[in-house]
Amino acid sequence: MPYFHIGITFKTFYDISERIEIFKSPGAETSLPNVRASQHIDGDTSSDKHLQQAIAWLDDCILHHEHCNPARSFVIAPGLLPKRIIDVTPLDQDGAVKLVEPDDEQGLYLCLSHCWGGLRPYTTTRANIAQHKSKIPWKELPRTFQDAVDFVRRLGQRYLWIDSICILQDDREDWELHASKMADIYKNSYLTLGATAAKDSTHGLYQKNQVYQSKMISSEGSGDDDFNLYMRESMPHWFENKANPWSPWAWSFSPTSSLFPLLQRAWVLQERLLSPRTLHFGPAELVWECCESFACECVASIETYSQQYPKIQHHRSLMDGTTDSRRAIWHDTVQEFSRLSITYMSDRLPALQGIAHRLLQGQSHKIISGLWGEGFLQELLWRVGEFGPGISCGHGPSWSWTKFGQQGYPSWPRNVLKVEEHAVHTGFENLKDCIGDPSILDATGVRLSAPLLRGTVSYNGSSSDDILTTFQFIPDGFWPDNTWPLIATPDVYFNLPGPNHIESDSTVYCAFIATLCKNITEHEGSEDWDPEYALMIRVVDEDSNKYERIGSMTSEDLQYLDDKPEPRPTRLRRMLDGVERTSFTLV
């Protein structure tokens, strides 16, 4: 953050490393360098002061942000209400509400984004929907829902959408219907309220936290040199300017800090990206996100960072409208999504359905098992990302990133100018609509024809203490110079015991997929940068010629090994040229 910091660290009751920050009041003068201005925070996000700040942000967005207002009218016109929504008009002196089913009615409404957590929140089912349409007693609502209803009323609005109440939780058909409408529900909302500091529905939208209150430091001066400085425990933020060189989004958009449990949930990513405006209720302050800006209450000005913020980049890339731009958005979204927690692995595609639906608008192709449908061979060239191999979750085909569980972050080749394909994609097996959206499909297999080189896998280590980040591929019939091993990257830790285990010296295959012509400016000094990409696969059913993906290989990994350039053509290209093409199915 843009503050002058004292180098003191300590542990708070949140059990995370914190620092002390020193700041001045906005408009104050000081002769000390690097002391930035900041607002004083009272720590009670239910106060009128915070409400007025939220209203100021909202008014500014409506009046001045053309990207947040599709109609460009700078007036939020009432839109079609969702199938079910909560009418927050008090039904009695306690504040009871009710669930209504508008019949093609229009109106403004807010959404609540919240953690379900380990406790199942208050829900609507087939058994109690009639009761909820008559009355939902105030005392039955958990604290987070009560706070959200209170805030909607204080804004002078009438309708609030909460997923657990507005979707029948024991009706699969109703759930799939709403999942297919999720993009519209959040996109058309007036404002989304984020219970960002609450780990479940009992912790509240509003927070009261005195930890971050400031204390004045007195300093004597003379005349114009008089000034006051203030000290407090550093305010927690997820958007600190800490660039991550391995991430396409160089911001902590989804932090791992326990202070922001909502932002660690996979379902929440699309809620944030689809909503035109989100108001986060943090541990001690409010934070604003929209399609043109973001802000917090404590920082006097963060305008210099705004254009780099992921939500803003996402929206502007979407406005570009080109297929390549939308493919890049999908890749970036999947990478961010893969870091987040989800209770049911089978929900991974449904949790991205709203984003996928929006990206595919006006496009002729589809998303298949989590991969962009156009240029499918290039899509198969994803690799595990910065944290190494993943852990299989038992869902999804081997050729898709959806096979990963709590670990495994896919990345795709970037800056690709053109693709020379060496494999041929001939179709899919069991292609079907899996989540009620014909543009988002699932398949059990992908049929390919490619040069297939047989060999063996070689690695050291087989215990749970060994981290297998690479392995050697030894082609049958020849062994490369020992200083130049053919190195491949495993998708999962197949050296460990379990269903994914592969013994060292087992037979595997290298399937030559494509050569990518990349932007050579990112590799200074390279006059010819056309890396080859291959998939590492193994037989799972020899009779039906079915294989599963176990890893990937690219000549890029060999380029600077021992500071020696890979000769051209690369060994991978020389070995695979002339190899017989084989037809097979990846499952």
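We count residues from 1, following the sequence as given. A quick note: this is a predicted structure, and the numbers were derived from the prediction, not measured.
- Here the CE atom belonging to M235 is positioned 5.0 Å from the NE2 atom belonging to H237, to the nearest 0.5 angstrom.
- Here L160 contributes atom CG and I165 contributes atom CD1; the two are 8.0 Å apart, rounded to the nearest 0.5 Å.
- Side-chain atoms of Y109 do not come within 3.5 Å of backbone N or O of L80 as any donor-acceptor pair.
- The aromatic rings of W399 and F428 are tilted relative to each other, their planes meeting at an angle between 30° and 60°.
- The existence of a salt bridge linking K181 and D184 is excluded, since no basic side-chain nitrogen approaches an acidic carboxylate oxygen closer than 4.0 Å.
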- prompt: Where do E429 and T444 land on the side-chain contact (heavy atoms from CB on, under 4.5 Å) test, with the steps shown first?
  reply: CA-CA 6 Å; E429 287 195 350; T444 59; 3.9 Å; yes
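- Of the possible polar contacts, none joining the S369 side chain to the S400 backbone as a donor-acceptor pair under 3.5 Å is found.
- Applying the salt bridge (charged side-chain N to carboxylate O under 4.0 Å, His left out) definition to pairs two or more places apart or across chains, those involving residues 367-381 are R327-E379.
- Minimum heavy-atom separation, F337 to A266: CE1-CB, 3.4 Å.
- A ring-centre distance under 6.0 Å is not found for F494 and H501.
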message: Could you go through Y206 and D150, starting from their C-alpha distance and side-chain angles, then the distance that decides it, and tell me whether this counts as side-chain hydrogen bond (donor to acceptor under 3.5 Å, both in side chains)?
response: CA-CA 10 Å; Y206 301 139; D150 175 71; 2.6 Å; yes
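- For an aromatic pair to be called close, the ring centres must be under 6.0 Å apart, and Y493 with Y459 fails this.
- Looking at residues two or more places apart in sequence or on another chain, you find a side-chain contact (heavy atoms from CB on, under 4.5 Å) between A514 and L381, V419, L516.
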- request: Apply side-chain contact (heavy atoms from CB on, under 4.5 Å) to the pair V88 and Y159, showing each step before the final yes or no.
  value: CA-CA 6 Å; V88 304; Y159 295 113; over 6 Å; no
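- Rounded to the nearest 0.5 Å, atoms NE2 (H67) and SG (C61) are 11.5 Å apart.
- Rounding to the nearest 0.5 Å gives a distance of 10.0 Å between CZ of F260 and NE2 of H280.
- Contact check on R538 versus E548 returns a salt bridge, with a Lys/Arg side-chain nitrogen under 4.0 Å from an Asp/Glu carboxylate oxygen.
- When all heavy atoms of D433 and P438 are compared, the closest pair comes out as OD2-N, 4.0 Å.
- With no hydrogens or angles considered, a side-chain donor-acceptor pair links Q363 and T323 at under 3.5 Å.
- Heavy-atom minimum distance, T489 versus T469: CG2-O, 3.9 Å.
- Atoms CD1 and CG, from I440 and L360 in turn, are 6.5 Å apart once rounded to the nearest 0.5 Å.
- The line from CG of D200 to SG of C115 is 8.0 Å long, rounded to the nearest 0.5 Å.
- Using a cutoff of 4.0 Å between basic side-chain nitrogens and carboxylate oxygens, K83 and D174 are scored as salt-bridged.
- No salt bridge links D163 with R84; every basic N to acidic carboxylate O contact stays at or beyond 4.0 Å.
- Put simply, the side chain of E66 reaches to within 4.5 Å of the side chain of E292, judged on heavy atoms.
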- request: Could you please spell out the steps behind the side-chain hydrogen bond (donor to acceptor under 3.5 Å, both in side chains) verdict for S275 and T192?
  value: CA-CA 7 Å; S275 299; T192 293; 2.8 Å; yes
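- Side-chain atoms of R265 and S113 form no donor-acceptor pair, as typed in the model, at a separation below 3.5 Å.
- Between the side chains of T124 and H132, a donor-acceptor pair is found at a separation under 3.5 Å.
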message: C68 vs R277, test: side-chain contact (heavy atoms from CB on, under 4.5 Å). Steps then yes/no.
response: CA-CA 8 Å; C68 303; R277 308 162 199 86; 4.3 Å; yes
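- Among all heavy-atom pairs drawn from N209 and P283, the shortest one is CB-O, 3.2 Å.
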message: Assess the residue pair Y533 and L377 against the criterion (side-chain contact (heavy atoms from CB on, under 4.5 Å)); give the C-alpha distance rounded to whole Å, side-chain angles, the decisive distance to 0.1 Å, and a yes or no.
response: CA-CA 10 Å; Y533 282 78; L377 286 177; over 6 Å; no
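- When all heavy atoms of Y122 and S164 are compared, the pair lying nearest together is O-OG, 2.8 Å.
- Taking 4.0 Å as the cut-off between side-chain N and carboxylate O, R383 and D491 do not count as a salt-bridged pair.
- Checking side-chain atoms of Q207 against main-chain N and O of G204 turns up a donor-acceptor pair under 3.5 Å.
- At distances below 3.5 Å, at least one donor-acceptor pair connects side-chain atoms of T333 with backbone N or O atoms of I329.
- Geometric assessment of R549 against the ring of W382 yields a positive cation-pi assignment under the 6.0 Å and 45° thresholds.
- Ring centroid separation for the pair H114 and F145 comes in under the 6.0 Å cut-off.
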- prompt: Would W372 and H365 satisfy side-chain hydrogen bond (donor to acceptor under 3.5 Å, both in side chains), going step by step from the backbone distance to the final call?
  reply: CA-CA 8 Å; W372 195 255; H365 50 273; 3.1 Å; yes
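- Annotation for S338 and P410: closest pair OG-CD, 3.4 Å, computed over non-hydrogen atoms.
- Taking the six-membered ring for Trp and the full ring otherwise, F151 and F281 have centroids separated by under 6.0 Å.
- More than 12 heavy atoms of other residues, nucleotides or ligands shown are found within 6.0 angstrom of CD on Q210.
- With a 6.0 Å radius and a threshold of 12 heavy atoms from other residues, nucleotides or ligands, K199 has its NZ atom at or below the threshold.
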